[in-house]
Amino acid sequence: MSQSNPLSLHVPEPTGRPGCKTDFSFLQVSAAGSVRRPPIDVAPLETSDIAQQLIRVLDEHGNAVGPWAEEPDRDLLRFGLRTMMKTRIFDARMVIAQRQKKMSFYMISLGEEAIGTAHALALQDGDMNFPTYRQQSLLMARQVPLVDMICQLLSNERDPLKGRQLPVMYSVREAGFFTISGNLATQYPQAVGWAMASAIKGDSKIASAWIGDGATAESDFSTALTFAHVYRAPVILNVVNNQWAISSFQALAGGESVTFATRGIGSGIASLRVDGNDFLAVLSASRWAAERARSNLGPTLIEWVTYRAGPHSTSDDPSRYRPADDYARFPLGDPIARLRQYLSNLGWWSDAEHEAVQAELEAEVLAAQKEAESYGTLGDERAPSAATMFEDVYKDMPEHLRRQRQQLGV
Ligand SMILES: Cc1ncc(C[n+]2csc(CCOP(=O)(O)OP(=O)(O)O)c2C)c(N)n1
C-alpha cells in the first residue's frame, strides 16, 4: 500500500492585510467597451462569457465607449450625479450623528452609490426592490423625504416604523422599497415570489432582488435562483460584490477563481458581470435586464463589481483586517468622480457647479436633520408610545398581548 500525502485544508486569504498592499489582479478587469451586448432574448447559457468578463462603458478618460454605451440623457445623468452626491453627503452626516449619540447605529454605502442610483433610474413606478441595508441610493433616487428617513434612524416620535427597527432598516412601499430585514438573504427568495405573483396576475411589474457577496453563501440565495429559473420569474437578481463581508474577503464566500455572475449560469439564468462604479454601465445593464424581465423573457443575474470603501458599519474598524489605502488602489475608481468627468467632458457639468451642488445638498441634508431632530433623538422621551409596541404583531391584537399591554400600564 502506498503512503498518501497528508491532506491540508484550503482557507482563502485576501492578498492584502494591514501594512501591505492588495494585489487586485484577481478582479479580471476588462477594457471599457470590450464586452459584447447580446439581444435581450439571448439564451441564458449564451451569456456565460459575459459572466466572466466585466461590462464597462466609461474609459479612463471619461469617455463612453462600446456596445453598452447608450445615447446620453443630459437631465437624467445630471440627476444621477446629484443623487450619488446626496447619498454620500447624507451618509457622512449620519455617521457624525451616530458619533454624537443621536442615533444608535449607521451603515454607509461609500463607493457603491452608482449601483442603486442608476438601477432605480432603469426601473418604473410600481416595480419592487428587495434591498439590503446598503441600497439607500435607491431611496435617494426615488426622492424619498430625508426627514422621514432620518426619523427612522432616530427612532423618534415621527419614525414611520414606530421605533421598532434598527436604524437603516427602512421600509418604503410607495417608493418600491421592501421592508429591510436584518436576516441576510431572506429577501432574495421573497423577491422571486413577488415577481412570480406579478406574472400570475398578468401584471407588468418586475422585482429587483439585492444581496451582498457574503450573503450569497446563505442557502436562500440558491433557493431564489432555482425558483427564478424554474418559473422564469420577472426578477433582476443583483449581487453587489464589494469584496468584503464585514472582515471576510469575498473569496471566503466562494468568489475565489470564479465570479459570482457564473452562479447564475449554472442555474440557467442569463448573467452579466458589470463595473459597479461605472454609472453608465449600471444604467445600461439594468435597463437590459429590466426590459428582459418585462418582456417575459425571465430573470437576469447581475454581479456588480465594486468596493466597500467605508467601514461595514459604525460598529466596525476595517483597519484591523485590510490595508488602509485599499480603496485608493481599487482599479475601478470612484463612481462620483467618474461620472463627473464624463459629464464635464460633454460640457454638461463644471467644477463651479459641482461645488455649488455640494453646498446646496449639504444644506438640504442639514435642514432635514434639524427638522427630524425636532421630533426627538436617541435617549430623549420623544419616542413612539410604549403602547404601540404591542400593535401590528398580528392584524388584530390577541388577548394575551392585550393583557401584556395592560400589565405595562400603557
Ligand atoms: C443570517 C445572518 N447571518 C449573519 C448576519 C450578520 N451579518 C450582518 S451583515 C454581514 C455581512 C454581509 O456581507 P455582504 O453580504 O457581503 O454585504 P455587505 O455588508 O458587504 O454590503 C453579516 C455576516 C446576519 N445579519 N444575518
Side-chain angles (χ1 to χ4, degrees), residues 12-14 16 22 26-27 87-88 90-91 94-95 98 104-117 119 129-140 164-171 177-191 208-225 237-256 258-261 263-264 273-274 276-277 282 301-322 326-327 330 332 335:
E13 266 290 320
T22 299
F26 70 89
L27 277 182
T87 306
R88 188 168 291 186
F90 184 84
D91 279 352
M94 294 307 112
V95 168
Q98 193 279 335
S104 59
F105 181 76
Y106 194 71
M107 302 177 93
I108 66 171
S109 61
L110 184 67
E112 303 179 30
E113 296 93 343
I115 301 168
T117 304
H119 191 79
N129 284 285
F130 288 74
T132 77
Y133 43 70
R134 226 183 286 284
Q135 274 83 50
Q136 49 265 57
S137 53
L138 291 173
L139 294 171
M140 295 289 170
R164 294 166 183 162
Q165 266 287 21
L166 188 73
V168 178
M169 304 286 165
Y170 307 107
S171 172
F177 194 94
F178 195 79
T179 310
I180 298 178
S181 153
N183 305 296
L184 294 175
T186 50
Q187 71 282 359
Y188 229 58
Q190 289 165 2
S208 195
W210 295 88
I211 201 166
D213 48 280
T216 62
E218 289 284 345
S219 52
D220 273 346
F221 177 70
S222 315
T223 305
L225 265 54
L237 299 158
N238 302 281
V239 177
V240 180
N241 179 2
N242 64 14
Q243 316 305 323
W244 294 94
I246 314 183
S247 59
S248 295
F249 182 58
Q250 54 95 5
L252 211 51
E256 192 172 63
V258 71
T259 70
F260 288 96
R263 300 295 182 84
R273 184 169 179 262
V274 183
N277 292 5
V282 178
L301 186 146
I302 309 179
E303 175 184 351
W304 304 109
V305 178
T306 184
Y307 190 86
R308 198 199 75 215
H312 170 72
S313 72
T314 50
S315 309
D316 176 48
D317 173 9
S319 73
R320 302 290 290 271
Y321 54 80
R322 70 183 190 188
D326 232 21
Y327 183 44
F330 181 65
L332 303 181

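Counting starts at 1 for both ligands and their atoms, following the listed order.
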A.B. asks: Considering only heavy atoms, which protein residues lie less than 4.0 Å from any atom of ligand 1?
C.D. replies: Tyr133, Arg134, Gly182, Asn183, Leu184, Gly212, Asp213, Gly214, Ala215, Glu218, Asn242, Trp244, Ala245, Ile246, His312

A.B. asks: Does Pro318 have any side chain to side chain contact (heavy atoms under 4.5 Å, CB included) partners at least two apart in sequence or in another chain, and if so, which?
C.D. replies: Arg308, Pro311, Asp316, Tyr321, Arg322

A.B. asks: Is the ring centre of Phe249 less than 6.0 Å from the ring centre of Trp244?
C.D. replies: yes

A.B. asks: May I ask you to decide if the ring planes of Phe330 and Tyr307 are parallel, tilted or perpendicular, using 30° and 60° as cut-offs?
C.D. replies: tilted

A.B. asks: Do Asn242 and Thr306 meet the criterion of a side-chain donor-acceptor pair at a distance under 3.5 Å?
C.D. replies: no

A.B. asks: Where the side chain of Gln136 meets the backbone of Thr87, is there a donor-acceptor pair that is under 3.5 Å apart?
C.D. replies: no

A.B. asks: Identify which one of Thr216, Asn238, Asn241 satisfies the side chain to side chain donor-acceptor pair (under 3.5 Å) criterion when paired with Glu303.
C.D. replies: Asn241

